[in-house]
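Below is one structure; the comments refer to it alone.
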Amino acid sequence: MPLAREIVPIPSDAIGSGGAMADWGGVPIVLTSVGELFAIENGTVTRLAISAPENGVEAYAAHVAETSDRDPAAYWFRYNDLMYIRDRNELVISYSRWNETEACVTNAIAVVPARDRPGPIQDSWRVLYETAPCLPISEFGSPVHGQMAGGRLALSPTGHLLLASGDYGKDGLHAQPVAAQTDGYDYGKVMEIDLNTGAARQISSGHSNPQGIAIDRDGQIWVVEHGRRGGDELNRIEDGKNYGWPLTSLGTRYNKLAIPSVIENGRHSEAFEAPVFAWLPSVAPGALALIEGFDPLWDGDLLVGSLKDQALYRIRLRNDRVLFAERIPIGQRIRYVQVYEDGRIALFTDAKTVEFLTVGAADHAFEYAAIFAEQLDVDAATRAEFLATVNACAQCHALGQSSGGEIPALGGVFGSAFSESIATKHSASLGANGQVWDLETLTAFLDDPDVFAPGTSMPDPMLDQGELLSNLILFLYALAKIPQ
């Protein structure tokens, strides 16, 4: 499916990464890692005069300075997720919260009454829920591993708030105890929270760093979470199930050595609930959303945003198994994915931009190829051979000017410099060449690709220099000139 992309920069003061997006009365809202709030309407970004709930980061940094000589890594002390609950007219934010009295940190959720569209908030934030117990700073490494907080939110079919709570590095390797496997610890767990009372219970355990949570059409809960070096997971969450971290994992430590606590390296122990899908190598999933109202071809699928891989994964489920996971390259670290009722998908990136995806215009190049063929001064057999050749090229190449992938689009070839073309990914010998694709170079390349560009992955199209090859190059020239 062709995708159109609109990029909107966010004028954020945040140092470091993190943050989220929400749908507030149909308006896209951005929450940065330091608690800034922005609204995006008609391509215009407005900083909202709303203060996020106090997280105590300054008191945290002061405590670390007084008690150690370590860097507090305050940029990991993040605001993690944002939600507007339409039926309750409430804003909800999850974040790492420092308890100055007890010198410890929790995964907290605060709520505030709000209007049905972005605007001033009259009331103060109310802390609805905090994980237990409050965690003291770690003895080694970063004092607080806020990058492992998870903190993503979803609304269950029963109207409860769901929190995917990370283990804050309490995995027996970074720090003790092994929170995800310890009763009474709300870390490395999926929590269900009553929005009226704040009462909470653990739905599942054995999670590492869940960075996305979503509910599918059937009301099933899904979570994506980071492994370490490999073993990123898509998990189907069932009440009372243990997903094994850190006693089982399909990954290793970042130094490529085995994770000491894992029972059976390279295997997911049958003692724990296995992931429905795992990424090897790691893609660093940073978000998860259900697609609805975008396009019938995609609606009902899950959409995963990745950080390391800088791509989207569209996941089609059938009978609770993954039928496919389509990789869609984006070229930015995707921190959050939000789907809007107006048919847009928004991606919040670590470059502090929001990319809006919509269904793009259809590629009319095939129609143009037929028109072009009719204008050729050739007999019917030669015209048919030309169209068959164009169709053969289209088995790999898009005909328009944008490929949407890693293979060059034919409409964008003529007149482009070798070094600027993504063809260099498939023909390394072209990278240092300062030439331009023109009549002479295209003729030589298509006549014998491997002679012109040794080592190219382009197969020989078996086009001898003659009328057919000349007409094909003329078609490439015309594609580059017509409006797309």
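Positions are given from 1 along the sequence.
Minimum heavy-atom separation, N242 to G206: OD1-CA, 3.6 Å. For the residue pair D81 and A20, the shortest heavy atom distance occurs at OD1-CB, 3.4 Å. Counting all heavy atoms, side chain and backbone alike, G231 lies closest to S282 at N-OG, 4.3 Å. Closest non-hydrogen pair, P210 versus E225, comes out as CA-CB, 3.5 Å. Between F38 and S12, the closest heavy-atom pair is CZ-CA, 4.1 Å. Minimum interatomic distance between N80 and A149 (heavy atoms only, all atoms of both residues): ND2-CB, 3.8 Å.
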List the steps, then state whether side-chain hydrogen bond (donor to acceptor under 3.5 Å, both in side chains) holds for Y84 with D116.
CA-CA 9 Å; Y84 169 71; D116 59 2; 5.9 Å; no
Where do S17 and Q147 land on the side chain to side chain contact (heavy atoms under 4.5 Å, CB included) test, with the steps shown first?
CA-CA 9 Å; S17 54; Q147 80 279 22; over 6 Å; no
Run the side chain to side chain contact (heavy atoms under 4.5 Å, CB included) check on I109 and M83 step by step: do they pass?
CA-CA 11 Å; I109 296 174; M83 177 183 292; over 6 Å; no
Residues S33, Y75; criterion side chain to side chain contact (heavy atoms under 4.5 Å, CB included); working and verdict
CA-CA 8 Å; S33 62; Y75 47 82; over 6 Å; no
Starting from the C-alpha separation in whole Å, work towards a yes-or-no answer on side chain to side chain contact (heavy atoms under 4.5 Å, CB included) for L312 and L347.
CA-CA 9 Å; L312 290 171; L347 314 176; 3.8 Å; yes
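Within the 4.5 Å cutoff, no side-chain heavy atoms of P9 are placed close to those of V45. Side-chain contact between P275 and N235 is present, with at least one heavy-atom pair separated by less than 4.5 Å. By the 4.5 Å heavy-atom criterion applied to side chains, L48 and P118 are counted as neighbours. In this structure, the side chains of T106 and N99 stay at 4.5 Å or more apart for every pair of heavy atoms. In this structure, the side chains of P285 and E233 stay at 4.5 Å or more apart for every pair of heavy atoms. With contacts defined as side-chain heavy-atom distances shorter than 4.5 Å, the pair E326/D301 does not qualify. Side-chain contact between P157 and I215 is present, with heavy atoms from C-beta onward closer than 4.5 Å. Here the side chains of P28 and Q338 are not in contact, with every heavy-atom distance at 4.5 Å or above.
Within a 6.0 Å radius of CG in L323, more than 12 heavy atoms belonging to other residues, nucleotides or ligands are found. Counting non-hydrogen atoms of other residues, nucleotides and ligands closer than 6.0 Å to CZ of R267 gives a total of 12 or fewer. Residue-environment remark: CZ (R5) exceeds the threshold of 12 foreign heavy atoms within 6.0 Å. The environment of CD in Q176 is crowded: more than 12 heavy-atom neighbours from other residues, nucleotides or ligands sit within 6.0 Å. For E41, the CD atom sits in a packed shell: over 12 heavy atoms of surrounding residues, nucleotides or ligands are nearer than 6.0 Å.
The pair E36-K352 fails the salt-bridge criterion, with no side-chain N (NZ, NE, NH1 or NH2) lying under 4.0 Å from an Asp/Glu carboxylate O. Using a 4.0 Å cut-off between charged side-chain N and carboxylate O, D232 and K308 make no salt bridge. A salt bridge is defined here as a Lys NZ or Arg NE, NH1 or NH2 lying under 4.0 Å from an Asp or Glu carboxylate O, and R344 with D23 fails to meet this definition.
Applying the ring-ring contact (aromatic ring centres under 6.0 Å, His included) rule to pairs touching residues 87-138 yields Y60-W98, H63-W98, Y79-Y95, sequence neighbours excluded.
To the nearest 0.5 Å, atoms OG1 (T358) and CG (D342) are separated by 9.5 Å. Atom CZ of R47 is separated from atom CD1 of I10 by 10.0 Å, given to the nearest 0.5 angstrom. Note: I221 CD1 to L162 CG = 4.5 Å, rounded to the nearest 0.5 Å. Note: R236 CZ to L234 CG = 11.0 Å, rounded to the nearest 0.5 Å. Once rounded to the nearest 0.5 Å, the distance linking CG of L161 with CG of L155 reads 6.5 Å. Atom CE in M191 sits 8.5 Å away from atom OG1 in T131 (nearest 0.5 Å).
A donor-acceptor pair is defined here as one N or O able to donate and one able to accept, closer than 3.5 Å; no such pair exists between the side chain of D309 and the backbone of A311. Between the side chain of R217 and the backbone N or O of L290, no donor-acceptor pair lies under 3.5 Å. Using modelled atom types, no side-chain atom of R97 and backbone atom of P53 make a donor-acceptor pair closer than 3.5 Å. Using modelled atom types, one side-chain atom of D299 and one backbone atom of F294 make a donor-acceptor pair closer than 3.5 Å. No donor-acceptor pair closer than 3.5 Å links the side chain of D171 to the backbone N or O of V178. Remark: the backbone N or O of Y185 is paired with a side-chain donor or acceptor of K189 at under 3.5 angstrom. Looking at D218, its side chain never comes within 3.5 Å of a backbone N or O of Q220 through a donor-acceptor pair. A donor-acceptor distance shorter than 3.5 angstrom exists from the side chain of D71 to the backbone of A73, with no hydrogens or angles considered. Without hydrogens or angle criteria, E273 side chain to G244 main chain gives no donor-acceptor distance under 3.5 Å. Side chain of R152 to main chain of A164: no donor-acceptor pair is present (N/O by atom type, distance under 3.5 Å, no hydrogens or angles).
Using cut-offs of 30° and 60° on the angle between ring planes, the pair W279 and F277 is perpendicular. Classified by interplanar angle (parallel below 30°, tilted 30° to 60°, perpendicular above 60°), the ring pair Y187/Y168 is perpendicular.
Annotation: side chain to side chain contact (heavy atoms under 4.5 Å, CB included) contacts of T248 (sequence neighbours excluded): H268, S269, F272.
Side-chain contact check for D186 and Q202: at least one donor-acceptor pair (N or O, by modelled atom type) lies under 3.5 Å. Side chains of S208 and R228: a donor on one and an acceptor on the other come within 3.5 Å. Inspection of the D216 and W222 side chains reveals an N or O donor paired with an N or O acceptor under 3.5 Å.
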